[in-house]
Every structure is written in C-alpha cells, then in structure tokens.
Amino acid sequence: YVNETSNGLAHAIENFKDGKCRECYFQDTELLILPDNPNVKICKQCLSYFKHDRWNIQKGDLDSVVKVAVNDSLLDSMILKNIIDEDVALSVGGITYSNPNKLFLPYTLKINGLHKGEPCSVENSGKVTVNLTFCNSCLKKKSWYYEAVIQIRGADLEEKKVKSSSIEYLNNLQVRDNNAFISDFKFVKNGFDIYIGSLSAGRKISKYLNKRFGGILKQSAKLVGRGKDGKDIYRVTISLKLPRFMLEDVVNYKDKLIQIQRFKGNNVIALDLNSNQTLTLPMKSLNRAEIVRRKGDIEWIKLILFPLL
C-alpha cells in the first residue's frame with residue numbers, strides 16, 4: 001500500500017499486520033459474524049419467545065417483547081473473533097409488518113474493543129424477521145389439552161379462596177413450566193374440577209392446596225394412549241376432599257376441645273386447649289367431630305381472653 005505525500009513523493013506505509021496497513025487489514029479481516037437471515041419466533045397469544053430450544057415467557061406488550069427477543073437473538077448469535085474488552089451497542093428501529101404473522105425490525109450493531117492489542121471498531125446493520133406463531137403450550141390450550149384433573153370436593157366454606165389460590169399458584173408455576181395452565185374448570189356437586197395442562201403442575205398444586213386447606217389426598221392414573229416416542233401416556237386424577245373445618249377452628253374431639261393448628265398430609269396438627277398438648281390426628285378421625293367455634297368468632301375470643309368478664 002502506497003500513500004502519496006504532499007510533495008508528491010511516495011513512501012511505503014509501515015506494515016501493520018500480515019503485510020497490510022491498518023486500513024486494509026481491518027477491511028479484509030472478519031471480526032464480527034452474524035447469521036445471514038436472523039429471525040425469531042414469538043407466540044402471538046402469550047407473547048413468549050423461542051430461545052435455546054424452549055419458549056421463554058416475557059412480560060410486556062408485543063412491541064417490547066419483539067425488542068427483547070431481537071436483542072437476545074442478535075447478542076446470543078453473534079461471534080466476535082479475537083476482540084476483547086468489547087463495548088457493544090445495539091439499536092433497533094421501528095416495526096414494519098409484512099403480513100399479520102410476520103414483521104421486520106431493523107437494527108444496527110456497533111462494537112468497539114481491542115484486536116491483537118490494537119483499538120478496533122466494527123459495525124453491522126440489517127433486519128430481523130419476526131414470525132408470529134403459537135407456542136406448544138398455547139396450541140395445547142386451544143385443543144383443551146390436559147394431563148391431570150384435580151377433583152376438589154367439600155369446598156363450600158372456602159370455595160373462593162381455593163379457586164383464587166389455585167389460579168395464583170399456577171400463574172407462579174408458569175414462569176418455570178409453560179404447561180402449568182388451566183385448560184378447563186367445571187363446577188360439580190359439592191365442589192369443582194380443575195383440568196391442568198401439566199401432570200407435574202397438577203401434583204404440585206394438589207400438595208399445595210392440601211397443605212393450606214387440609215383434606216384427604218388420593219391419586220389414580222388412566223392409560224389413554226402412546227406417544228410418538230413409544231412411551232405410554234397417562235391422565236392422572238387427583239382427588240382432594242376438604243375437611244369441614246378450617247385452620248384455627250375449635251372442634252370437640254372425644255370430649256376434648258382442640259384447635260386446628262396446621263395440616264400435614266392426611267393428618268391434622270391440633271392443640272388440646274385443656275392440656276396445652278400438641279396432637280397429631282388422622283384427618284378421617286375428625287370427619288364427624290363437632291365444630292364448636294369458627295376461626296375469628298368474636299364471642300369465643302372474648303371468652304378465651306376475658307373469662308371473668
């Protein structure tokens with residue numbers, strides 16, 4: 001490479017790398033590699049996006065999820081060749097639609113850093129294709145898919161609490177399990193059935209409800225088919241029969257006044273109000289016990305706290 005000086009004399013510019021000057025070296029050296037046609041998939045129903053072979057739940061509206069997904073896709077797929085101490089700046093433009101299920105997002109990626117001890121700068125511009133589709137979980141929801149049925153019976157006293165607790169617990173589970181959704185909810189005599197998209201979620205929520213509200217928990221499985229991988233497919237029914245009493249209720253058990261303290265599996269941990277002893281009793285043994293006072297009964301509280309008034 002030759003540079004003409006102001007007086008017309010030519011001199012060879014100092015060798016930079018591999019027999020090239022600095023400008024030619026960086027023009028000919030590929031420092032940043034990106035996919036030729038970067039694209040991402042976003043579920044148009046739940047707005048999760050596909051990354052690392054799984055659907056990732058993301059909060060926000062479509063515009064914000066698109067930008068997060070594009071940002072993740074570009075930064076995750078880029079390859080830097082011998083650049084250290086890099087400073088990465090990614091900017092995206094406005095969304096344009098090709099059709100209702102496809103849109104584009106322009107981007108500019110700028111990177112400053114050190115290459116073989118020398119300051120360098122590289123820039124790449126293009127557009128990312130965003131395909132709007134349905135994730136596996138939403139496809140299952142649309143087809144009323146379920147793996148477990150939670151049969152809750154005897155929920156008259158705390159029906160609203162049981163339902164709201166179920167929904168809240170499943171919403172929290174969906175962060176880790178996309179199939180932890182309610183595909184159907186049916187009211188039946190003396191209770192209701194919750195159809196769950198994930199067997200794992202069904203087992204977890206039944207244990208959670210059992211711990212919080214008590215009751216007797218049972219489980220049965222039915223073979224319904226065989227998957228493409230040759231494995232048997234089961235649908236599991238989990239029955240939870242809630243007790244007539246709630247936490248802190250006082251019941252008459254074998255002529256003893258006991259207060260319900262907590263639930264543990266199919267047992268009840270109670271306090272003998274006469275001896276102040278803690279008792280562990282089978283849930284079944286209290287099925288016919290007389291409920292003396294309900295939780296929060298003002299007159300009962302007055303009697304306990306101020307017996308002489």
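Starting from 1, each residue takes its place in the sequence as its number.
Between the side chain of R235 and the main chain of L223, no donor-acceptor pair closer than 3.5 Å is present. Checking side-chain atoms of D249 against main-chain N and O of M246 turns up a donor-acceptor pair under 3.5 Å. Judged purely by atom type and a 3.5 angstrom limit, N210 uses its side chain to pair as donor or acceptor with the backbone of G215.
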> So L271 and E248, side chain to side chain contact (heavy atoms under 4.5 Å, CB included) or not? Walk me through it.
Replying inline: CA-CA 10 Å; L271 177 67; E248 298 185 30; over 6 Å; no

> Where do L170 and I182 land on the side chain to side chain contact (heavy atoms under 4.5 Å, CB included) test, with the steps shown first?
Replying inline: CA-CA 8 Å; L170 285 171; I182 296 177; 3.3 Å; yes

> Run the side chain to side chain contact (heavy atoms under 4.5 Å, CB included) check on I238 and V149 step by step: do they pass?
Replying inline: CA-CA 6 Å; I238 303 172; V149 184; over 6 Å; no

> Passes side chain to side chain contact (heavy atoms under 4.5 Å, CB included), S98 versus F104? Steps please.
Replying inline: CA-CA 7 Å; S98 170; F104 301 103; 3.4 Å; yes

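Both F185 and I152 belong to a single network of hydrophobic side chains, linked directly or stepwise wherever heavy atoms of I, L, V, M, F, W or Y lie under 4.5 Å apart. Residues V66 and F50 do not share a hydrophobic cluster, clusters being chains of Ile/Leu/Val/Met/Phe/Trp/Tyr side chains in contact below 4.5 Å. Linking Ile, Leu, Val, Met, Phe, Trp and Tyr residues whenever their side-chain heavy atoms come within less than 4.5 Å leaves I33 and V88 in two separate clusters. Under the 4.5 Å side-chain heavy-atom criterion for Ile, Leu, Val, Met, Phe, Trp and Tyr, I167 and I196 are members of the same hydrophobic cluster. Following chains of ILVMFWY side-chain contacts shorter than 4.5 Å, one can reach I111 starting from L34, so the two form part of one hydrophobic cluster.
At a threshold of 4.5 Å between non-hydrogen side-chain atoms, the residues S125 and Y107 do not count as touching. Two residues are said to be in side-chain contact when any heavy atoms from C-beta on lie closer than 4.5 Å; L286 and V268 meet this criterion. At least one side-chain heavy atom of R244 sits under 4.5 Å from a side-chain heavy atom of I291.
Taking the six-membered ring where the residue is Trp, F192 and F187 present perpendicular rings, their angle passing 60° and hence far from 30°.
Remark: Y49 engages D72 in a side-chain hydrogen bond (donor to acceptor under 3.5 Å, both in side chains) (not counting sequence neighbours). A search for salt bridge (charged side-chain N to carboxylate O under 4.0 Å, His left out) contacts involving D272 returns nothing, not counting sequence neighbours.
Side chains of S239 and R153: a donor-acceptor N/O pair is absent below 3.5 angstrom, by distance only. A donor-acceptor pair shorter than 3.5 Å can be found between the side chains of S121 and N112.
In plain terms, the two heavy atoms of S285 and Y253 that are nearest each other are O-CE1, 3.7 Å.
Other residues, nucleotides and ligands contribute only 12 or fewer heavy atoms inside 6.0 Å of the NZ atom of K110.
Summarising the geometry, atom CD belonging to E86 is positioned 6.5 Å from atom CE belonging to M78; distances are rounded to the nearest 0.5 Å.
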Just distance, no hydrogens or angles: give the donor-acceptor pairs under 3.5 Å from side chains in residues 130-142, sequence neighbours left out.
{"unit_1": "S137", "atom_1": "OG", "unit_2": "N178", "atom_2": "O", "d": "3.0"}
{"unit_1": "S137", "atom_1": "OG", "unit_2": "N179", "atom_2": "OD1", "d": "2.9"}

